[in-house]
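Encoded as structure tokens, the structure appears first; notes follow it.
Here, residue 1 is the first one in the sequence, and each next residue gets the next number.
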Amino acid sequence: MAADYDPRIVALYDRANPDGPDHDYYRALANRKNAQRILDLGCGTGILTVSFVSPGRSVVGVDPSPSMLAYARQRPGADNVTWIHGKATALAEGEFDFMVMTGNVAQHIIDPQWELSLNALRKAAAEGAVLAFESRNPSARAWEKWAGEAPESSQTPYGVLTEWCQTEVLDEHNVLLRSFNRFEATGELHVEENVLAFRSERQIRAQLVEAGFEVRAVYSDWKSTEFSADKPLMVFEAVAV
């Protein structure tokens, strides 16, 4: 992962990752669980985080990117969220009853940091707390589609931006994603490198159990359809036991 993101890329992030059915799913789940103490780990720009805020709730957003957090803190409603620069290991014990990782954050946490993060989340969870997140099914081989896409240009407040990517398979589970962002007005080229972990459903289930969670459901979409191995998305719901 890059040391941090260019502020212009951060400001454009929500354009490519808008509020949608994934956020609706997590908000509805929080409401069904009557969540009072919510953690958004890897909160990014805070687009979902601030929408969790309601009377009687405490909401915490955690992210390792100073640029992302700086943007999140400027959002309407941001004053009602506690923002933490860091990772799961910075959390206090037994603090939350609902925890989410959205935007495929789980894939950005590489082993062994992933196992350490799950253990830290379990420590931060009250008994019976819900942990929900999504990850891409490696069987769908999404990285091959990304690498095959042609560069795409769009008009932004910073002028025309051209974006494309390259991928490289590092080993059985990890793929290096290089994202290219060229601001055409100046010719500036920003390259971000992220290693993404593509874990199977079986592997994630085992890691959750090892960390002290019980997997209650795995879905293949945001409508709570039971997961099947041919689907590209895996949505996990687990409970701290």
Side-chain angles (χ1 to χ4, degrees), residues 1 17 20-30 32-33 35 38-44 48 62 87-89 96-125 127-148 165 167-177 194-241:
M1 181 175 173
N17 303 275
D22 53 340
H23 292 180
D24 291 339
Y25 165 84
Y26 289 115
R27 283 189 290 259
L29 181 58
R32 289 201 305 273
K33 302 301 182 183
I38 295 179
L39 167 68
D40 186 356
L41 180 63
C43 62
L48 172 64
V62 179
K87 302 176 182 179
T89 49
F96 302 102
D97 58 16
F98 186 72
M99 307 178 296
V100 297
M101 294 181 284
T102 66
N104 294 294
V105 161
Q107 292 189 254
H108 288 261
I109 309 175
I110 308 304
D111 300 327
Q113 188 62 42
W114 170 242
E115 289 94 337
L116 295 174
S117 296
L118 289 179
N119 289 333
L121 285 169
R122 179 59 189 89
K123 290 179 181 178
E127 185 176 351
V130 172
L131 169 64
F133 62 94
E134 82 275 7
S135 189
R136 299 179 184 91
N137 183 358
S139 297
R141 303 181 71 83
W143 60 89
E144 295 178 351
K145 176 178 181 293
W146 301 339
C165 74
T167 61
E168 177 184 347
V169 177
L170 300 178
D171 56 38
E172 183 181 2
H173 299 296
N174 297 309
V175 174
L176 174 63
L177 173 65
N194 290 279
V195 176
L196 301 180
F198 283 82
R199 305 177 180 96
S200 68
E201 179 208 10
R202 182 175 181 178
Q203 183 181 7
I204 293 175
R205 279 181 175 272
Q207 290 170 326
L208 284 167
V209 170
E210 180 67 22
F213 292 95
E214 177 184 318
V215 179
R216 293 289 176 87
V218 183
Y219 301 123
S220 62
D221 57 29
W222 304 114
K223 298 179 181 179
S224 300
T225 303
E226 185 176 356
F227 175 72
S228 59
D230 61 329
K231 300 299 183 182
L233 180 68
M234 304 180 292
V235 184
F236 290 83
E237 286 184 20
V239 176
V241 294

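Looking at heavy atoms from C-beta onward, Pro138 lies in side-chain contact with Met234 at the 4.5 angstrom threshold. Contact of the Glu237 side chain with the Val215 side chain is not registered, since no non-hydrogen atoms from C-beta on lie closer than 4.5 Å. Contact of the Asp221 side chain with the Lys231 side chain is not registered, since no non-hydrogen atoms from C-beta on lie closer than 4.5 Å. Side-chain contact between His108 and Asn194 is present, with heavy atoms from C-beta onward closer than 4.5 Å. No side-chain heavy atom of Thr102 sits under 4.5 Å from any side-chain heavy atom of Asp22. Here the side chains of Leu121 and Phe133 are not in contact, with every heavy-atom distance at 4.5 Å or above. Side-chain contact check for Val169 versus Trp143: some heavy-atom pair is nearer than 4.5 Å.
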Give the intermediate values and the outcome of side chain to side chain contact (heavy atoms under 4.5 Å, CB included) for residues His173 and Arg199. CA-CA 6 Å; His173 299 296; Arg199 305 177 180 96; 5.5 Å; no
Assess the residue pair Met99 and Val130 against the criterion (side chain to side chain contact (heavy atoms under 4.5 Å, CB included)); give the C-alpha distance rounded to whole Å, side-chain angles, the decisive distance to 0.1 Å, and a yes or no. CA-CA 6 Å; Met99 307 178 296; Val130 172; over 6 Å; no
Determine whether Val218 and Arg205 satisfy the following criterion, side chain to side chain contact (heavy atoms under 4.5 Å, CB included), listing intermediate values before the conclusion. CA-CA 9 Å; Val218 183; Arg205 279 181 175 272; 3.5 Å; yes
Evaluation steps, side chain to side chain contact (heavy atoms under 4.5 Å, CB included), between Asp111 and Asn174: CA-CA 9 Å; Asp111 300 327; Asn174 297 309; 5.8 Å; no
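Contact between Arg122 and Val241 at its shortest, heavy atoms only, is NH2-O, 2.7 Å. Closest approach of Ala197 to Ile110, counting heavy atoms only: N-CD1, 3.8 Å. Residues Ser135 and Gln107 share a closest heavy-atom pair of OG-CG, 3.3 Å. Contact detail for Ala125 and Ala240: the closest heavy-atom pair is CB-CB, 3.9 Å. What you find for Ala147 and Thr167 is that their closest heavy atoms are CB-OG1, 3.4 Å. Closest heavy-atom contact between Ala88 and Ala120: O-CB, 3.6 Å.
A side-chain contact (heavy atoms from CB on, under 4.5 Å) with Glu134 holds for exactly one of Tyr26, Phe236, Tyr219; it is Tyr26. The side-chain contact (heavy atoms from CB on, under 4.5 Å) test with Leu118 is passed by exactly one of Leu208, Ile109, Val209: Leu208.
Every residue two or more places apart in sequence or in another chain that forms a side chain to side chain donor-acceptor pair (under 3.5 Å) with Arg27 is listed here: Asp19, Asp24, Ser51. Every salt bridge (Lys or Arg N to Asp or Glu O under 4.0 Å) that Glu168 has, sequence neighbours left out, goes to Arg178.
For the atom pair Leu176 CG and Leu196 CG, the distance stands at 8.5 Å (nearest 0.5 Å). How far CZ of Phe198 is from CG of Asp171: 12.0 Å, rounded to the nearest 0.5 Å. Between Leu116 atom CG and Lys87 atom NZ the span is 9.5 Å, to the nearest 0.5 Å. Considering CD1 of Ile204 and CZ of Phe213, their distance stands at 13.5 Å, rounded to 0.5 Å. A distance of 13.0 Å separates CD in Glu214 from CG in Leu131, rounded to the nearest 0.5 Å.
Formation of a donor-acceptor pair under 3.5 Å by the Asn137 side chain with backbone atoms of Ala229 is found in this model.
In this structure, Tyr25 and Trp222 have tilted ring planes: the angle between them lies in the 30° to 60° band.
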